[in-house]
Structures are given as structure tokens and as C-alpha cells.
**Q** 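Starting off with a structure, shown below.
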Amino acid sequence: MTKKQLAIATLIEAYGQHAAAWLTDEADPGSPTDIEYFKTIAQICERGKFDFYFIADTPACRTGDIETWARSPMYMNQLEPITLLTALAGATSKIGLAATASTSFYEPYNLARLFASLDHISGGRAGWNVVTSANDFAARNFGADRLPPHAKRYAKAKEFYEVVTALWDTWEDDAFIYDKENQLNFDPAKMHLVDHEGEFFRVNGALNIARPPQGYPVILEAGGSEAGKEFAAQTAEAVFGVATNIDEAIAFYADQKSRMPKYGRNPDHLKVMAGATIVVGESAEEAKARVDKWQALIHPDVGLLRIKQDIETDLSDLPLDEPVPVDRIPAESNYHRSYFDEVAGMIRRGLTLREICQQYTRAKVTLFGSPEEIANLMQEWLDREACDGFMITFPVIPSTLTDFVEKVVPILQQRGIFREEYTGSTLREHLGLPRPENRHVMAQKAAVNG
């Protein structure tokens with residue numbers, strides 16, 4: 001009997017995901033804009049046989065609290081992700097290449113063309129993380145004071161997805177026939193106009209690039225809200241889990257999969273990727289000591305600001321070494337629901353403000369331990385249906401990434417739960433996902449079959 005296989009991906013930032021990663025000895029000041037550096041990181045991931053390399057993004061620069069952001073420069077010096085992934089496509093040959101792009105600030109046509117191009121250039125390795133954006137810095141870059149309400153952003157995202165996938169279906173897979181004898185570059189009957197008029201978008205045209213090699217790039221999503229989970233059930237092919245422990249993860253997994261049949265979807269066609277930070281050491285204690293050393297580098301102002309941006313309230317007037325009053329939790333959040341819930345939960349558990357500042361890292365689960373202990377934990381999550389795989393954040397790179405690739409991956413391979421070699425060439429093949437059929441071809445088949 002073939003064992004269930006882990007999917008493994010990683011979210012990469014230049015220095016790593018830790019708020020103080022840039023302060024560590026291994027951090028090179030020039031890394032954020034050094035393409036050779038990112039090529040090296042992508043090649044390490046490919047050596048580890050990861051399913052995909054992922055870049056989170058926001059179309060914004062932090063413009064408030066600049067003195068504090070200067071201590072933890074999140075998104076303050078970052079290459080545009082689709083451009084970066086296009087360069088990485090030439091430095092790798094198998095690993096998937098995925099990035100965030102916002103339905104709030106792109107136009108469907110531009111996004112459809114960009115990701116179709118990346119899919120062609122990479123030979124079918126592109127993935128799109130569909131987001132609605134979650135900060136007002138971005139809104140102000142595009143002429144608004146604040147983001148629209150959460151529900152309206154998701155309504156727009158749904159329509160955006162419908163337009164983008166329609167554009168990817170402009171051309172049937174065999175439309176470009178290159179018939180020199182009859183002087184036909186493409187078959188006109190296999191080009192289909194997109195005629196869409198909805199609440200948010202009006203499009204009457206066609207995409208000027210052949211259908212992507214994967215049909216559609218793989219659709220990724222993250223979202224702990226009810227709207228986010230429902231949208232994922234309709235459209236996503238990989239979801240980033242938001243659970244803080246294995247029991248929560250099991251519940252999230254079952255809930256997310258159970259929503260799919262009503263949309264005519266097979267639950268096996270969605271991979272739930274548990275979000276986790278992984279630090280390998282000789283022992284759990286030694287790994288934890290590494291993290292504690294990095295945590296000690298976080299300036300209190302940075303911790304306070306990270307909390308402020310995620311729960312939309314300023315706690316800096318409170319004593320650092322006393323519990324935060326529960327009545328300081330806002331009634332709701334218009335930003336990342338999962339981040340809001342994490343901070344609110346820490347407040348309800350009675351942590352002091354200093355403890356929250358030091359412990360809140362936006363990482364849902366942190367796995368410390370020896371290589372064997374890490375492998376055991378990952379296998380337990382897989383076996384108990386807490387996830388189909390992991391979206392790993394490495395706090396300081398390249399060291400924690402290299403440790404995982406060299407020390408944990410071989411154990412997972414020996415156990416038969418992770419690939420030793422890539423057996424496919426596209427991201428869909430890596431994840432075991434079907435290739436979507438062109439909607440016009442499906443309609444033609446349905447008409448023939450009555």
C-alpha cells in the first residue's frame with residue numbers, strides 16, 4: 001500500500017521570517033535585491049524536493065511608524081514577486097514557483113497575463129495565491145483611505161477569479177496550429193471571447209497568450225474567516241492552514257474538506273498546508289535556545305507595532321509586564337482574521353504585553369527538535385489528517401532552511417512519506433492535482449453528449 005505523501009512548500013523572505021532575522025550574523029545587507037542570492041535559496045529548496053517556493057507580498061510600503069519599521073523592515077525592500085519568480089524559473093527546473101497577487105489592486109487582465117507568462121516560462125510551475133490584501137497602506141497607494149469591508153473584498157475576489165480563469169480559457173489547448181501551408185498560425189474557431197459584465201469588472205476581449213501549460217496555474221489561498229474558508233472550498237487547490245495546535249488543525253482540515261462537495265469538488269483536489277515554523281537542533285532544548293536568542297533581539301516597539309497592525313488597536317499605553325485587559329480586544333477585525341484571533345487568544349490567556357510582543361510571530365505552529373523529532377511531528381500531523389503537508393517558514397535563512405533540507409528531508413524520504421525525486425514536471429503533478437479542462441471544450445462535449 002502506497003503511503004500518503006507529504007507536500008512541502010516554504011515561504012521565503014530575504015533574511016527569513018523572524019522579525020529580527022536581519023540582525024543575525026548570517027544576514028547580508030544586500031540580500032533583498034540580490035537575484036543571485038535568491039537563486040541559491042531556490043536551488044536549496046529544489047535540492048530538498050520541495051513542491052513549491054512561495055513569496056508573500058503586499059503592494060505597499062509601510063508609511064506610518066517609520067522609526068519602528070526601521071527596526072524590523074517588513075516588506076520595505078522587496079523585489080516584485082512575479083518578476084523574481086520569472087528569474088528563478090531559469091535557475092531551477094522542477095520546483096513550483098508561487099506568489100501572492102491581490103484581487104483588490106490588480107486588474108484581472110494584467111494578472112491573468114502575468115501568471116500565464118510565468119507558467120509558460122517555467123514549463124508549468126506557476127501558482128497564484130489569491131488574496132484581497134489586508135492593510136490600509138496598500139489602499140492609500142491606490143487612491144483610497146481604507147480597504148473596503150471584508151465581505152465586499154471577498155465578493156470582488158470571487159468575481160476577479162471568475163474573470164481571470166475565463167481569460168486563461170480564451171484559447172483551447174490546441175488552438176495554435178502553426179499551419180504554414182495554409183498560412184494559419186492559429187485556428188480561429190478555438191479562440192473564445194470573454195464577455196463579462198459584473199458588479200466590479202467589465203471585460204470584453206481575449207488574452208493574448210496561449211493557454212497556460214497547467215490550464216490554470218495552481219490556485220492557493222489562506223484565510224481563517226468564514227468567507228475565506230467558503231471561497232477556498234469553491235476555488236482553492238492548496239490552502240494555508242491557520243491552526244495553533246494539532247487538534248485545531250484536525251478540525252480545520254475536516255471543516256475545509258467538508259465544504260467542497262456542495263460545489264461539485266473532490267476533497268482530494270485541495271491540499272491543506274499547515275503553516276509552521278521549523279527549527280532543527282541537536283535537541284528540542286537546543287533548537288528552542290536558538291529561537292530565544294533571536295526573540296531577545298526584537299525591540300519592544302517592534303512587537304507593539306506588529307500587534308497594533310494586526311488587531312487594529314494600539315496597546316502601547318499599557319504596562320509591558322502586566323496582562324492586557326480583555327476589554328482592549330476590538331470587537332472585530334477588517335484585516336487578517338487568523339492573526340487577529342491569535343493575538344486575542346494570547347490576551348485572553350492572561351499573557352503580559354511583553355510576553356505577547358516576544359511570542360507573537362504570525363507563525364501558527366513552531367516545531368522545535370532534533371531531525372528525528374521534527375520528522376515524527378510532521379508524520380503525526382499527516383497520519384492524523386491534520387494536514388496534507390506543510391507551508392514552512394524558516395526564521396533565519398539560509399541556515400534553518402539548509403538544516404531542514406540536509407537533516408529532516410532524508411528521514412521523511414526513508415519513511416516513504418516524501419519524494420526522493422520529482423516524478424513530474426509541473427506544480428500540478430507535484431501536488432497530485434488534475435489539470436482543469438477548458439470550459440469551452442467541456443461545453444462542446446456536453447452538447448454532443450446531450
Side-chain angles (χ1 to χ4, degrees), residues 7 9 54 56 98 100-106 108 111-112 115 127-135 147-166 168 196 198-201 216-244 247-275 310-312 330-342 344-345 362 364 385-389 391 431 433-434 436 439:
F54 173 62
T100 292
S102 174
T103 58
S104 296
F105 302 115
Y106 271 95
L111 186 142
F115 275 99
W128 170 32
N129 180 37
V130 184
V131 302
T132 67
S133 289
N135 69 70
L147 291 171
H150 191 266
K152 188 169 185 178
R153 297 205 309 274
Y154 268 97
K156 184 177 182 181
K158 183 178 178 181
E159 185 179 338
F160 192 109
Y161 169 86
E162 292 168 355
V163 176
V164 167
T165 54
W168 284 334
H196 172 92
E199 180 182 358
F200 301 97
F201 302 106
Y216 305 162
V218 172
I219 303 300
L220 317 172
E221 291 171 26
S225 68
E226 187 66 19
K229 289 186 282 190
E230 205 64 23
F231 184 50
Q234 291 178 266
T235 62
E237 295 171 299
V239 166
F240 306 147
V242 297
T244 59
D247 292 327
E248 286 182 10
I250 291 168
F252 176 84
Y253 183 95
D255 176 52
Q256 187 66 74
K257 299 265 186 175
S258 71
R259 296 169 184 257
M260 297 177 67
K262 66 185 174 187
Y263 298 109
R265 298 189 65 204
N266 183 339
D268 290 340
H269 296 166
L270 173 68
K271 301 298 181 184
V272 176
M273 310 282 286
D310 285 344
I311 68 168
E312 299 177 77
E332 60 181 0
S333 171
N334 195 38
Y335 296 162
H336 285 289
R337 183 72 215 187
S338 58
Y339 298 161
F340 175 90
D341 290 344
E342 185 178 353
R362 286 183 159 187
K364 299 294 102 180
E385 294 193 337
C387 66
D388 297 305
M391 167 56 71
L431 294 171
L433 298 171
R439 69 191 63 195

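For clarity, every value in this text was computed on a predicted model and none was experimentally measured.
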**Q** Going by the rule side chain to side chain contact (heavy atoms under 4.5 Å, CB included), which residues pair with K156 if we only count those two or more places apart in sequence or in a different chain?
**A** F200, F201
**Q** Is there side-chain contact between C387 and F252, with at least one heavy-atom pair below 4.5 Å?
**A** no
**Q** Which residues pass the ring pair (Phe, Tyr, Trp, His ring centres under 6.0 Å) test with Y161, not counting sequence neighbours?
**A** none
**Q** Report yes if some heavy atom in the side chain of V218 is under 4.5 Å from a heavy atom in the side chain of W128; otherwise report no.
**A** no
**Q** Can you tell if the side chain of L220 reaches within under 4.5 Å of the side chain of V130, non-hydrogen atoms only?
**A** no
**Q** Could you measure the distance from the CG atom of N129 to the CE atom of M391? Nearest 0.5 Å is fine.
**A** 8.0 Å
**Q** Identify the two heavy atoms, one from V163 and one from P108, that lie closest to each other, and give their separation to 0.1 Å.
**A** CG1-CB, 3.6 Å
**Q** Do F54 and T100 come close enough that some side-chain heavy atom pair is under 4.5 Å?
**A** yes
**Q** Within the distance-only criterion (no hydrogens, no angle test), does the side chain of T103 pair as donor or acceptor with the backbone N or O of V131 below 3.5 angstrom?
**A** yes
**Q** Under the rule for salt bridge (charged side-chain N to carboxylate O under 4.0 Å, His left out), what residues qualify as partners of E221, not counting sequence neighbours?
**A** none
**Q** Between A238 and L270, which heavy-atom pair has the shortest distance, and what is it?
**A** N-CD1, 3.6 Å
**Q** Taking the side chain from K257 and the backbone from P267, do they hold a donor-acceptor pair closer than 3.5 Å?
**A** yes
**Q** Taking atom types as modelled, is there a side-chain donor on S104 or S133 under 3.5 Å from an acceptor on the other?
**A** no
**Q** Report the C-alpha distance between M273 and D388 in whole Å, list the side-chain angles of each, state the deciding distance to 0.1 Å, and finish with yes or no for side chain to side chain contact (heavy atoms under 4.5 Å, CB included).
**A** CA-CA 6 Å; M273 310 282 286; D388 297 305; 5.6 Å; no
**Q** Mind listing the closest non-hydrogen atom pair of A157 and T132 along with its distance?
**A** CB-CG2, 3.9 Å
**Q** Are E237 and R265 within salt-bridge range, i.e. N to O under 4.0 Å?
**A** no
**Q** What do the steps show when you test Y263 against T235 for side chain to side chain contact (heavy atoms under 4.5 Å, CB included), and what is the final call?
**A** CA-CA 9 Å; Y263 298 109; T235 62; over 6 Å; no
**Q** In Å, rounded to the nearest 0.5 Å, how long is the span from CG of D268 to CE of M260?
**A** 8.5 Å
**Q** Mind checking side chain to side chain contact (heavy atoms under 4.5 Å, CB included) for K158 and listing every partner two or more places apart, or none if nothing turns up?
**A** E162, F231, Q234
**Q** My understanding is that only residues two or more places apart in sequence, or in another chain, count here; which of them pass salt bridge (charged side-chain N to carboxylate O under 4.0 Å, His left out) with E226?
**A** R259
**Q** Applying side chain to side chain contact (heavy atoms under 4.5 Å, CB included), can you list everything that pairs with A227, at least two apart in sequence or on another chain?
**A** H150, Y154, S225
**Q** Which pair of heavy atoms, one from A101 and one from F115, lies closest together, and at what distance?
**A** CB-CE1, 3.8 Å
**Q** Would a 4.5 Å heavy-atom cut-off, applied to side chains only, mark I250 and E385 as touching?
**A** no
